[in-house]
Trainee: 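Have a look at this one.
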Amino acid sequence: MTKPVIAIVGRPNVGKSTIFNRIVGERVSIVEDIPGVTRDRIYSSADWLTHEFNIIDTGGIEIGDEPFLDQIRSQAEIAIQEADVIIFMTNGREGVTLADEQVAKILYKTKKPVVLAVNKIDNPDMREMIYDFYSLGFGEPFPISGSHGLGIGDLLDECAKHFPKEDEEQYPDDTIKFSLIGRPNVGKSSLVNAFLGQERVIVSDIAGTTRDAIDTPYSYDGQDYVIIDTAGMRKKGKVYETTEKYSVLRALRAIERSDVVLVVLNGEEGIQEQDKKIAGYAHEAGKAVVIVVNKWDAVEKDEKTMNLYTQQIREHFLYLHYAPIIFVSAKTKQRVHQILNIVQRVSENHAMRIQSSILNEVIEDAVARNPAPRDKGRRLRIYYTTQVAVKPPTFVTFVNDPELMHFSYERFLENRIRETFDFEGTPIRLIARARE
Ligand code: GDP
Ligand code: GDP
């Protein structure tokens, strides 16, 4: 299921990132824990009461060296493009400014719901400052205070009223949804064209799909596929091209809706930081992953090149040790036809269920061969393991004390499970829980 998206727009210094951080709270992310990345986080999942959603701080999307007003205009356009509900944020202490009116003008153009927030209303005496903001034409302004955490619940209640109804874009269960992600120019569109067998990406806008996602349904060898979000590739608008953060954001949205993610690399170039970041999200989101090295035709090679390249990928993408790697050329179509077969295979693994009895035999056998090490005189005891979810396969192990399950032992158990069952291409999750 796709989560609704809220985007925050508004001129600088009204408090967008303060509110974003308040709403997002403390969220740990293995990818974003890289120093320097956390600070400029602009996209995150969040929840409020029973609602789960994603939220974008458009203020963090810098667009080239556009002048100030053009920047906030572009950010408002992105909000309109990406969001289900838009929070239009203003500063109650400064009243309505020219820049606020510019943002309003752009937001008038969308039919999407806009909720007007007036920030920096730090105490009840200041509430009358909000009346000025009715003039913007978005109805009742919501007073909030980012620094004091006031009014945010009411604001989110209002947003939630406008969330789209669930299940608007369900495909049949046996349809495999996949996306191609990677830096600009690695050849994503060319690959899609290559396996669609057409010169241009044919885009069919499926009735009922929401939020501008344009999907391409495709059938091959008796299997139905949907290629997610070729829109991001097609619309090589100025903003998309010049803004790394925006293209990452599009990739994240596509990853979320996919079962299988093809991480596309350019074989002509080395592996870059952005490649790793995007691939990390796919892993974190629990998606099946295939690494596709494109432009293999343009690589000068001998019989060792493929091995060397594989080694490099394994070193750079440590957490993706389960992902198959395929070397292709969209140009000559070399091995392109194998991609969908691999997608199908890893997708089956991603949805695989293992019988508890067999699973427990494997674990018992593993423990017998390599008992958990002692920790401060105590030893981990494993009682029972069961699979609680698919996509990705998720296992709960009941133990005497979850603290005793160390990373290295967890890794050992994961490897034993992988050696026994074919989980190629999919992450698997092991959760240790204390037996009641
Ligand atoms: P952005 O540019 O819109 O993302 O704004 P920031 O979140 O960076 O906030 C700009 C400034 O306003 C910072 O100095 C914040 O500490 C301050 N600020 C944010 N929210 C509030 C608030 O509710 N009350 C007051 N008094 N200051 C706030
Ligand atoms: P995208 O931005 O990732 O969608 O990349 P495109 O599909 O637009 O391709 C970017 C450029 O790389 C274009 O000029 C393509 O013709 C070229 N290209 C794509 N695939 C290949 C390939 O397999 N081999 C070679 N030599 N060039 C390719």
Side-chain angles (χ1 to χ4, degrees), residues 7-24 39-42 55-62 68 71-72 75-76 87-94 97 99-100 103 117-123 126 129-130 142-152 155 179-196 199-201 227 229-237 240-242 244 247 250-251 254 262-269 274-275 278 292-300 326-336 339:
I8 309 177
V9 299
R11 62 191 176 82
N13 278 319
V14 292
K16 295 182 297 298
S17 73
T18 307
I19 296 290
F20 175 86
N21 289 326
R22 278 256 176 208
I23 293 175
V24 166
R39 227 178 323 115
D40 52 27
R41 166 142 43 142
I42 58 155
I55 183 158
I56 304 169
D57 172 11
T58 63
I61 304 174
E62 286 151 26
F68 164 80
Q71 288 264 357
I72 50 181
Q75 290 167 356
I87 296 178
F88 175 13
M89 196 167 297
T90 58
N91 177 349
R93 294 178 178 233
E94 288 179 6
T97 68
D100 292 333
V103 175
V118 181
N119 191 31
K120 309 200 186 185
I121 305 295
D122 296 339
N123 63 64
M126 300 169 71
M129 291 172 162
I130 69 173
F142 283 77
I144 57 172
S145 166
S147 5
H148 294 69
L150 301 173
I152 295 171
L155 179 69
S179 52
L180 293 88
I181 59 166
R183 288 179 292 115
N185 285 319
V186 293
K188 299 178 296 295
S189 328
S190 307
L191 280 169
V192 171
N193 290 340
F195 48 68
L196 293 180
E199 273 310 299
R200 291 153 51 92
V201 175
I227 308 173
D229 193 36
T230 40
M233 291 178 253
R234 235 171 21 103
K235 259 187 237 149
K236 290 193 175 170
Y240 179 75
E241 284 271 281
T242 57
E244 186 195 317
S247 53
R250 297 257 8 180
L262 306 185
V263 174
V264 184
L265 305 176
N266 180 348
E268 280 186 303
E269 296 168 0
Q274 203 188 338
D275 294 324
I278 295 179
V292 179
V293 183
N294 188 37
K295 307 200 185 182
W296 200 239
D297 61 284
V299 174
E300 228 182 274
I326 181 166
F327 296 82
V328 306
S329 163
K331 191 174 170 189
T332 67
K333 303 212 172 174
Q334 190 189 15
R335 282 187 288 271
V336 162
I339 294 179

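In each ligand, atom 1 is the first atom listed, and ligand 1 is the first ligand listed.
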Trainee: Can you name the residues that form a side chain to side chain contact (heavy atoms under 4.5 Å, CB included) with T18, not counting sequence neighbours?
Mentor: none

Trainee: Less than 3.5 Å between some nitrogen or oxygen of A330 and one of ligand 2, yes or no?
Mentor: yes

Trainee: Test of understanding: with side chain to side chain contact (heavy atoms under 4.5 Å, CB included), list the residues that count as partners of N294, not counting sequence neighbours.
Mentor: L191, V264, V328, A330

Trainee: Any side-chain to backbone donor/acceptor pair from D122 onto S147? Under 3.5 Å, distance only.
Mentor: no

Trainee: Which atoms of ligand 2 have any heavy atom of S329 under 4.0 Å away?
Mentor: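 Answer, ordered by atom number: 23 (O).
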
Trainee: Present, as a list of atom pairs with distances to 0.1 Å, all nitrogen or oxygen contacts under 3.5 Å between ligand 1 and the protein.
Mentor:
from     : atom 1 : to   : atom 2 : distance (Å)
ligand 1 : 2 (O)  : N13  : N      : 2.7
ligand 1 : 3 (O)  : N13  : N      : 3.4
ligand 1 : 3 (O)  : V14  : N      : 3.3
ligand 1 : 3 (O)  : G15  : N      : 3.0
ligand 1 : 3 (O)  : K16  : N      : 2.8
ligand 1 : 3 (O)  : K16  : NZ     : 2.8
ligand 1 : 4 (O)  : K16  : N      : 3.3
ligand 1 : 4 (O)  : S17  : N      : 2.8
ligand 1 : 4 (O)  : S17  : OG     : 3.4
ligand 1 : 5 (O)  : G15  : N      : 3.0
ligand 1 : 7 (O)  : S17  : N      : 3.3
ligand 1 : 7 (O)  : S17  : OG     : 3.1
ligand 1 : 7 (O)  : T18  : N      : 2.9
ligand 1 : 7 (O)  : T18  : OG1    : 2.5
ligand 1 : 8 (O)  : S17  : OG     : 3.4
ligand 1 : 12 (O) : K120 : NZ     : 2.8
ligand 1 : 20 (N) : N119 : ND2    : 3.1
ligand 1 : 23 (O) : N119 : OD1    : 3.2
ligand 1 : 23 (O) : D122 : OD1    : 3.3
ligand 1 : 23 (O) : S145 : OG     : 3.2
ligand 1 : 23 (O) : G146 : N      : 2.7
ligand 1 : 23 (O) : S147 : N      : 3.1
ligand 1 : 23 (O) : S147 : OG     : 3.1
ligand 1 : 24 (N) : D122 : OD1    : 2.9
ligand 1 : 24 (N) : D122 : OD2    : 3.2
ligand 1 : 24 (N) : S147 : OG     : 2.7
ligand 1 : 26 (N) : D122 : OD2    : 2.8
ligand 1 : 27 (N) : S147 : OG     : 3.4

Trainee: Any idea which part of S189 is under 4.0 Å from ligand 2, heavy-atom wise: side chain, backbone, both or neither?
Mentor: both

Trainee: Report yes if some heavy atom in the side chain of D57 is under 4.5 Å from a heavy atom in the side chain of I19; otherwise report no.
Mentor: no

Trainee: Do ligand 2 and G187 have nitrogen or oxygen atoms that lie under 3.5 Å from each other?
Mentor: yes

Trainee: Does the side chain of I8 reach to within under 4.5 Å of the side chain of I55, using non-hydrogen atoms?
Mentor: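 Yes, close enough: below the 4.5 Å cut-off.
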
Trainee: Can you give me the closest heavy-atom contact between S329 and V336, atom names plus distance?
Mentor: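 Closest approach of S329 to V336: O-CG2, 3.4 Å.
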
Trainee: Please round to the nearest 0.5 Å and tell me the distance separating atom CD of E94 and atom CZ of R11.
Mentor: 4.5 Å

Trainee: For the 3.5 Å polar cut-off, considering only N or O atoms, please tell me whether D297 and ligand 2 meet it.
Mentor: yes

Trainee: So for P184, does at least one of its heavy atoms come nearer than 4.0 angstrom to any atom of ligand 2?
Mentor: yes

Trainee: Take M129 and I121, measure what side chain to side chain contact (heavy atoms under 4.5 Å, CB included) needs, and give me the verdict at the end.
Mentor: CA-CA 8 Å; M129 291 172 162; I121 305 295; 4.1 Å; yes

Trainee: Taking only residues two or more places apart in sequence, or in another chain, which ones meet E269 in a salt bridge (Lys or Arg N to Asp or Glu O under 4.0 Å)?
Mentor: R183

